[in-house]
Chemist: 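Have a look at this one.
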Amino acid sequence: MLKRHGPQTAQDLAARLRVTSPAARRHLTDLQAQGLVQVQVEKPGGRGRPQHVFGLTEHAEERTFPKTYASLCLDVLESVSDLYGRDAVDEVLRARSDRLEALLRDLLPPEMPLEEKLRRLIGPLTELGFAPHLEQEGGQWSLVQCNCPNLQVARQFKVMCSAEMAMYTKLLGVPVTREEHMACGQPSCRYRLG
């Protein structure tokens with residue numbers, strides 16, 4: 001109802017759903033606790049007491065109402081390929097990786113020790129949706145990405161993954177070897193470093 005009709009009071013929702021106002025409030029409280037609904041206090045036009053108006057959060061929009069960004073991206077990249085050739089797509093995806101590398105370069109100066117670089121890299125990768133974590137066995141570090149926010153694109157355009165690996169090699173200043181690859185059906189992208 002909030003998606004279809006926009007922000008509403010508990011009373012408005014109760015009437016639309018044909019439930020009592022306390023029942024609507026109970027559901028709204030549960031949705032607030034999950035971070036899916038937010039409340040604003042608004043003073044109605046004219047006279048009257050302020051009202052609590054409920055609306056969807058950004059988190060609800062992302063989680064509950066799927067977006068087709070991946071299919072749009074694939075359509076655009078396929079159109080670039082049709083118009084200008086596959087090399088043009090590869091160039092576009094490498095340029096995207098170069099832009100990301102430039103943004104991360106200031107966080108990871110070359111003289112910084114590898115462990116500190118890795119710990120600093122986790123924050124931005126988390127924000128980008130990679131669900132990363134570090135593992136260390138003996139003196140060997142591994143960067144493990146449990147999610148690929150670009151998986152559909154990466155499956156079709158492998159240059160995206162090779163550009164990512166090249167970026168890590170440059171940023172971390174050590175050889176990088178991919179041991180697992182989500183685009184090939186494995187559970188994560190695992191990079192052995194050094």
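In this text the structure is predicted, and so the values were computed from the model without any measurement. No hydrogens, no waters, no symmetry mates; every other heavy atom, side chains included, goes into these values.
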Chemist: Are Val153 and Leu151 joined in one hydrophobic group, where the rule is that I, L, V, M, F, W and Y side chains link up if heavy atoms are under 4.5 Å apart?
Modeler: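 In one cluster with Val153: Leu151, no.
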
Chemist: Please check if the number of heavy atoms outside Gln40 that lie under 6.0 Å from its CD is greater than 12.
Modeler: no

Chemist: Side chains of Glu180 and Ser188: do they bring a donor and an acceptor to under 3.5 Å?
Modeler: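 The criterion, which ignores hydrogens and geometry beyond distance, is satisfied for Ser188 and Glu180.
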
Chemist: For the residue pair Tyr191 and Thr177, establish whether any side-chain heavy-atom pair is separated by less than 4.5 Å.
Modeler: no

Chemist: Kindly give the heavy-atom pair with the smallest separation between Leu193 and Ser142, and that separation in Å.
Modeler: CD1-C, 4.4 Å

Chemist: Is there a side-chain contact between Pro124 and Leu104 (heavy atoms, below 4.5 Å)?
Modeler: yes

Chemist: Show the nearest heavy-atom pair for residues Val53 and Pro7, with the distance to one decimal.
Modeler: CG1-CB, 3.6 Å

Chemist: Contact between Leu107 and Leu121 at the side-chain level, heavy atoms closer than 4.5 Å - yes or no?
Modeler: no

Chemist: For residues Ser97 and Met160, determine if any side-chain heavy atom of one lies less than 4.5 Å from a side-chain heavy atom of the other.
Modeler: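 A side-chain contact under 4.5 Å is absent here.
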
Chemist: Side chain to side chain donor-acceptor pair (under 3.5 Å) for Gln51 and Gln11? Distances and angles first, verdict last.
Modeler: CA-CA 10 Å; Gln51 297 179 326; Gln11 294 81 5; 6.0 Å; no

Chemist: If you look at every heavy atom in Leu56 and Gln38, which pair is closest and at what distance?
Modeler: O-NE2, 3.5 Å

Chemist: Can you tell me how far CZ of Arg190 sits from SG of Cys146, rounded to the nearest 0.5 angstrom?
Modeler: 8.5 Å

Chemist: Would you say the side chain of Leu134 lies within less than 4.5 Å of the side chain of Val144, judging by non-hydrogen atoms?
Modeler: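 Contact flag for Val144/Leu134 side chains = no.
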
